[in-house]
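Below is one structure, written out as structure tokens; comments come after it.
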Amino acid sequence: MDEFDRRGVVLRERHAVREPRSLVSLAQRLVDSGVRTIVVGGGDGTLAGIASVFVDSDATLGILPLGTGNSFAQTLGIPLDLHGAVDTIVRGHAESVDLGVVNGRFFVNAASIGLSVVVARRTAGALKRILGPAAYLVTGAIEAWRHRSFQATLELDGVERTLRTQQIIITNGRFFGTTPLGGADQVVSERLLVLGLEGTTPWELARFWAAMLAGHPEWLREVYTRSVRELRIATRPHRSIELDGEVRVRTPATFSVLPKALRVFVPAKDGA
């Protein structure tokens, strides 16, 4: 943490944590002991795993974006380099942002069903270290040609819609990979953004996946989009759901928003 030292910031405790469960218990201990600023280095999955610790507490989360995609950090405008991220914690301000909830579990940025789950499982750690976010693009391009479509029934704020699809994305944050999907205020909108690919051919799926991960939303076609407060999804057959890069739950699932549940450091506003 030399970046903090150079700014004269004293960290009371420093911990290298490998097991997610250990990180949650450690963060909970710190909050319970009265610590009000906790800095965590990791990606979206790490942040989602500890989000519950900050709900209904006065603690503020400082993010060092050390993951592969770091979509949530991008949503918050946090620089992805270590110097800029530390500067956000030292000189920025605390803001309360929304959390997504599915079947009782939190997600900070995005949940998805379909090809992305396969990609999350099959993208090798070594490939991610070499290629970064592009590793997902490579794996997705390969898997798109053998992935099969499924039926999904979506109840969106009480309105039902059935799709034959290969990919559904539900975002609390603004970014999926490096592609901006929602507006700048998405993470404080108290709503989720839902995207469902209505195409079922491998070519349609490959084009969708390439657009999402390459940062070119103008490539997107055959996409069903809605902004909702609550969403229920049932699929045939049952499908796994990826939450911020980690496969954690399965359909059927109910999604909702917990407004302004997470206090996090964001960059100072212009002129501040």
Side-chain angles (χ1 to χ4, degrees), residues 1-20 22-100 106-110 128-129 132-133 172-175 177-178 180 182-189 244-245 258-272:
M1 297 291 185
D2 290 344
E3 288 288 340
F4 286 103
D5 294 338
R6 279 194 283 270
R7 288 167 169 78
V9 176
V10 178
L11 300 179
R12 276 178 47 182
E13 299 181 27
R14 307 183 187 202
H15 301 271
V17 180
R18 296 185 180 275
E19 292 296 327
S22 299
L23 179 59
V24 173
S25 60
L26 172 60
Q28 188 64 64
R29 177 180 66 79
L30 293 173
V31 169
D32 292 344
S33 68
V35 174
R36 292 296 172 258
T37 296
I38 299 176
V39 178
V40 176
D44 293 344
T46 298
L47 301 177
I50 65 167
S52 62
V53 174
F54 291 84
V55 175
D56 296 326
S57 83
D58 295 328
T60 302
L61 172 65
I63 298 175
L64 301 180
L66 304 180
T68 303
N70 302 305
S71 298
F72 190 56
Q74 293 179 69
T75 287
L76 299 174
I78 297 171
L80 299 186
D81 64 284
L82 187 59
H83 177 85
V86 171
D87 197 58
T88 295
I89 297 167
V90 175
R91 302 177 60 185
H93 69 279
E95 184 168 330
S96 295
V97 301
D98 303 339
L99 286 174
F106 293 114
F107 62 99
V108 294
N109 191 71
K128 289 191 287 186
R129 286 191 293 273
N172 174 60
R174 184 186 182 196
F175 286 87
T178 58
D185 64 344
Q186 174 64 33
V187 78
V188 292
S189 67
D244 293 321
L258 193 59
K260 297 178 175 57
L262 177 67
R263 282 174 54 85
V264 60
F265 285 107
V266 298
K269 290 181 171 57
D270 293 340

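Predicted model only: the values in this text are computed from it and were never measured.
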Checklist outcome for this item: In terms of heavy-atom contacts, S71 and D44 come closest through N-OD2, 3.2 Å
Run the side-chain donor-acceptor check on residues 33-41: report pairs under 3.5 Å with partners two or more places apart or on a different chain.
{"residue": "S33", "atom": "OG", "partner": "R29", "partner atom": "O", "Å": "3.3"}
{"residue": "S33", "atom": "OG", "partner": "L30", "partner atom": "O", "Å": "2.8"}
{"residue": "R36", "atom": "NH1", "partner": "G34", "partner atom": "O", "Å": "3.4"}

Checklist entry - Taking only residues two or more places apart in sequence or in another chain, which ones pass side-chain contact (heavy atoms from CB on, under 4.5 Å) with D32? => result Q28
Item to check | Shortest non-hydrogen contact between F265 and T88, atoms and distance | outcome: O-CG2, 3.8 Å
Sequence neighbours left out, cut at 3.5 Å: what donor-acceptor pairs do the side chains of residues 50-66 make with other protein atoms?
{"residue": "S57", "atom": "OG", "partner": "F54", "partner atom": "O", "Å": "3.0"}
{"residue": "S57", "atom": "OG", "partner": "A59", "partner atom": "N", "Å": "3.2"}
{"residue": "T60", "atom": "OG1", "partner": "R263", "partner atom": "NE", "Å": "3.2"}
{"residue": "T60", "atom": "OG1", "partner": "R263", "partner atom": "NH2", "Å": "3.3"}

Checklist outcome for this item: Between A261 and L99, the two heavy atoms sitting closest are CB-CD1, 3.9 Å
Item to check | CZ on F106 to CG on D98, rounded to 0.5 Å | outcome: 12.0 Å
Checklist entry - With distance as the sole test, does D81 use its side chain to make a donor-acceptor pair with the main-chain N or O of G84 at under 3.5 Å? => result yes
Next on the checklist: Tell me whether D244 contacts the main-chain N or O of A110 through its side chain, where contact means a donor paired with an acceptor under 3.5 Å.
Outcome noted: yes
Item to check | H93 and V266: CA distance, side-chain angles, deciding distance, side chain to side chain contact (heavy atoms under 4.5 Å, CB included) verdict | outcome: CA-CA 6 Å; H93 69 279; V266 298; 3.4 Å; yes
Next on the checklist: Quick check: do S96 and L262 have side-chain heavy atoms less than 4.5 Å from each other?
Outcome noted: no
Item to check | Considering all heavy atoms, the nearest A48-F107 contact | outcome: CB-CA, 4.2 Å
Checklist outcome for this item: Closest non-hydrogen atoms of P79 and A85, given as atom of the first, atom of the second and distance, are O-CB, 3.8 Å
Next on the checklist: Quick check: do L80 and Q74 have side-chain heavy atoms less than 4.5 Å from each other?
Outcome noted: yes
Checklist entry - Ignoring hydrogens and geometry, is there a side-chain-to-backbone donor-acceptor pair from N172 to N109 under 3.5 Å? => result no
Item to check | Pairwise distance CG(D185) to OG1(T75) - rounded to 0.5 angstrom | outcome: 11.5 Å
